Q: 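Below are the structure tokens for one structure; questions will follow.
Owing to the predicted nature of the structure, the values given are computational and were not obtained by experimental measurement.
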Amino acid sequence: MIQLKDILYKVPIESVTGSTSVAINDVHFDSRNVSLNDVFVAITGTHSNGHEFIKNAVNQGALAVVCETLPQELINGVTYVKVADSKKALALIASNFYENPSNNLKLVGVTGTNGKTTIASLLYQLFLNAGFKTGLISTVKIMVDKEQYPTKLTTPDSLTINKYLKKMNEAGVEYCFMEVSSHGIAQQRTAGLHFAGGVFTNLSHDHLDYHKTFAEYRDVKKKFFDELPATAFALTNIDDKNGPVMLQNTQAKKYAYALKTKADFNAQILENQFSGLLLKVNGNELWTKLIGNFNAYNLLAIYGVAKLLGLDELESLRLISELKAVDGRFQYFITQKEQITVIVDYAHTPDALKNVLETINNIRTKNEELITVVGCGGDRDATKRPKMGTIAATLSTKVVFTSDNPRTENPDKIIEEIEAGVSPENSNKVLSITNRKQAIKTACTMANKGDIILIAGKGHETYQEVNGERTHFDDMETVKELLTQLDK
């Protein structure tokens, strides 16, 4: 049995009351899951403070409590460990409890506003196809080699991360690719993990409900690179003005990728169409089924990581040419009868929406309509809503504003805030329909032969969240069903 003192290795401790030479069973930060001889770590979350549940955890059998503030009443036989930062302590404890599984993997973290899921998921696909046992921790799913597990957060809590990294060790996984969100970094979920490399994609307007200022958001991303070890690589997009900032204080080996600037890994777009991209990557031509400038950046980052992890260059290029799009990331189909192109994309930030719409506009002939269905999530950064409205109305020929996970907010109010960004000359392009299914149906009925429909914001998500309840809703499933009915 593992002892309390073993899992406290490297945890900055302020004081200990009781013995650390006791055998423990499990570790939890949710008091409801605590049972006999477990350790309870009291963390301060967004909605609740774990310190309020210390007594509950002890009543349920907790043998030890790790906290920032000691409770007034200390129970005999329970060990209390006081720390300055219980989130960081939890991450280090989780690593120790699961025997530091990241040390046995080549773990690569991908951070930035847009592109994290695509890069991490396609690296997983590439290394799997290259014959390696590979892992993935992403917004969409967790993969332990070919075994899939569901996930709800971009970067899961540190216990979940280490639990699955341990499973990867047991399955003989060599490489793991992981999305690293700004929330995950700020909440210390990745503390104690040993990274072989880090990738920065880009930085644009997002999560300012949580980080308050853009500078704070940028600096949280930078912290990930600041903490990379000297043995790791740091790969950054230097076409993004924040790209060089990420490398300023890192001890890792520094590399850059770019389409517009001289870098270690360069690409040039030779052709860009709905069937795919023709790229010149470091002097070699490459055809890929993925579409758009943003995917040229994603593929270049993937190429850079593959090279830095020691894969053969020509083999990497061959494998990149075979990669398939990630669910909900510029996923498209063309209807048989009317040849209507329907694109479903996760674009839920101003920059991502602009990238997708500009990509479509660069490919289309301009003889067809571009109809965009888009909304904004509730209980999230409200300042981006009018910007999304401006971009959608400016770059589309018609727009339907709708609901997108309103959570505890009034969806009509969210739509009004999106509409505020629409200039008077574009107001005649815009419709607002709160019901998302009805909004998609309206876009389908508006579309004529050869037109393009973009359904943005939810991508791979298969639910709508209203007042804490999730009901099934899948954009791709919905639009296929509606177009099948209308095509009859």
Q: Inspect the contact between K166 and E99 and indicate whether a charged nitrogen and a carboxylate oxygen are less than 4.0 angstrom apart.
A: yes
Q: Under 3.5 Å, is there a donor-acceptor pair between the side chain of R407 and the main chain of G378?
A: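 Indeed, once roles are kept as given, a pair shorter than 3.5 Å links the two residues.
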Q: Taking all non-hydrogen atoms of both residues into account, name the closest pair between L193 and S95 and its distance.
A: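 Shortest heavy-atom contact: CD2-OG, 4.1 Å.
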Q: Are any side-chain N or O atoms of Y124 and backbone N or O atoms of I137, one a donor and one an acceptor, separated by less than 3.5 Å?
A: no
Q: Which atom pair, heavy atoms only, marks the closest approach of Y217 to S182?
A: CE1-OG, 3.5 Å
Q: Backbone N or O of P150 within a donor-acceptor pair of the K141 side chain at under 3.5 Å?
A: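 A pair under 3.5 Å: no.
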Q: Please check: side-chain N/O of K387 versus main-chain N/O of T349, any donor-acceptor pairing under 3.5 Å?
A: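 Between the backbone of T349 and the side chain of K387 there is no qualifying donor-acceptor contact (under 3.5 Å).
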Q: Quick check: closest heavy atoms across Y257 and Y297, and the distance to 0.1 Å?
A: CE1-O, 3.5 Å
Q: When I360 is tested against each of I343, T341, N355 for side-chain contact (heavy atoms from CB on, under 4.5 Å), which residue passes?
A: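 Result: among I343, T341, N355, I343 is the only option passing the side-chain contact (heavy atoms from CB on, under 4.5 Å) with I360.
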Q: Would you check if the side chain of T390 reaches a backbone N or O of G421 as a donor-acceptor pair within less than 3.5 Å?
A: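 Indeed, once roles are kept as given, a pair shorter than 3.5 Å links the two residues.
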Q: Checking K167 against Y149 for the side-chain contact (heavy atoms from CB on, under 4.5 Å) test, could you report, in this order, the C-alpha distance in whole Å, the side-chain angles of both residues, the deciding distance, and whether it holds?
A: CA-CA 11 Å; K167 280 184 185 285; Y149 300 88; 4.0 Å; yes
Q: Has K354 got its NZ or CZ under 6.0 Å from the middle of the six-membered ring of F294, at an angle within 45 degrees of the ring axis?
A: no
Q: Counting only N and O atoms by type, is there a donor-acceptor contact under 3.5 Å from the side chain of H28 to the main-chain atoms of N33?
A: yes
Q: Which distance, rounded to the nearest 0.5 Å, do you find between the OG of S158 and the CD of Q188?
A: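 So the OG of S158 and the CD of Q188 are separated by 9.5 Å.
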Q: For the pair D474 and T462, evaluate side-chain hydrogen bond (donor to acceptor under 3.5 Å, both in side chains) and give the outcome as yes or no after the intermediate values.
A: CA-CA 4 Å; D474 182 319; T462 55; 5.8 Å; no
Q: Salt-bridge test for E409 and R385: reply yes if a basic N is under 4.0 Å from a carboxylate O, no otherwise.
A: yes
Q: Hey, mind stepping through D157 and T160 against side-chain hydrogen bond (donor to acceptor under 3.5 Å, both in side chains) and telling me if it holds?
A: CA-CA 5 Å; D157 67 82; T160 303; 2.7 Å; yes
Q: Any salt bridge between E416 and K413, counting N to O under 4.0 Å?
A: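 Salt bridge absent between E416 and K413.
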Q: For the side chain of T397 and the backbone of E369, is there at least one donor-acceptor N/O pair under 3.5 Å apart?
A: no
Q: So which heavy atom on S396 is nearest to which on A392, and how close?
A: OG-O, 2.7 Å
Q: Any non-hydrogen side-chain atom of N237 less than 4.5 Å from a side-chain atom of T201?
A: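 Sidechains of T201 and N237: no contact.
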Q: Once the angle between the rings of F274 and Y332 is folded into 0 to 90°, is it parallel (under 30°), tilted (30 to 60°) or perpendicular (over 60°)?
A: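 Taking Y332 first and then F274, their aromatic rings sit tilted (interplane angle of 30° to 60°).
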Q: For F132 and Y175, take the angle between the two ring planes, folded into 0 to 90°, and tell me which bin it lands in: parallel under 30, tilted 30 to 60, perpendicular over 60.
A: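 Perpendicular: the ring planes of F132 and Y175 meet at over 60°.
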Q: Below 30° counts as parallel, above 60° as perpendicular, anything between as tilted: where do the rings of H348 and Y346 land?
A: tilted
Q: Strictly distance-based, threshold 3.5 Å: is any side-chain N or O of D379 a donor or acceptor partner for the main-chain N or O of T408?
A: yes
Q: Does the pair I452 and I371 meet the rule for a side-chain contact (heavy atoms from CB on, under 4.5 Å), with working shown?
A: CA-CA 6 Å; I452 300 163; I371 305 159; over 6 Å; no
Q: Shortest non-hydrogen contact from G459 to D475?
A: N-OD2, 4.3 Å
Q: Checking the side chain of D264 only, and the main-chain atoms of A256 only, is there a donor and an acceptor separated by less than 3.5 Å?
A: yes
Q: Taking all non-hydrogen atoms of both residues into account, name the closest pair between L228 and A252 and its distance.
A: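 Here L228 and A252 meet closest at CB-CB, 4.0 Å.
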Q: Will you find, in the side chains of E179 and T139, an N or O donor that is under 3.5 Å from an N or O acceptor?
A: yes
Q: So, the side chain of D239 versus the backbone of L259: is there a donor-acceptor pair under 3.5 Å, distance only?
A: yes
Q: Taking K133 first and then E174, would you say they form a salt bridge - that is, a charged N and a carboxylate O separated by under 4.0 Å?
A: no
Q: For the residue pair F224 and F195, does the interplanar ring angle fall in the parallel (under 30°), tilted (30 to 60°) or perpendicular (over 60°) class?
A: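 Correct class here is perpendicular.
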Q: Should D226 and K222 count as an ion pair when the cut-off is N to O under 4.0 Å?
A: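 Counted as a salt bridge, because a side-chain N and a carboxylate O are separated by less than 4.0 Å.
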Q: Is there a side-chain hydrogen bond (donor to acceptor under 3.5 Å, both in side chains) between H472 and E477? Walk through the geometry before answering.
A: CA-CA 11 Å; H472 180 76; E477 186 185 286; 3.0 Å; yes
Q: If we check side-chain contact (heavy atoms from CB on, under 4.5 Å) with L319, which of these qualifies: L128, I302, N129?
A: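 The option that passes is N129.
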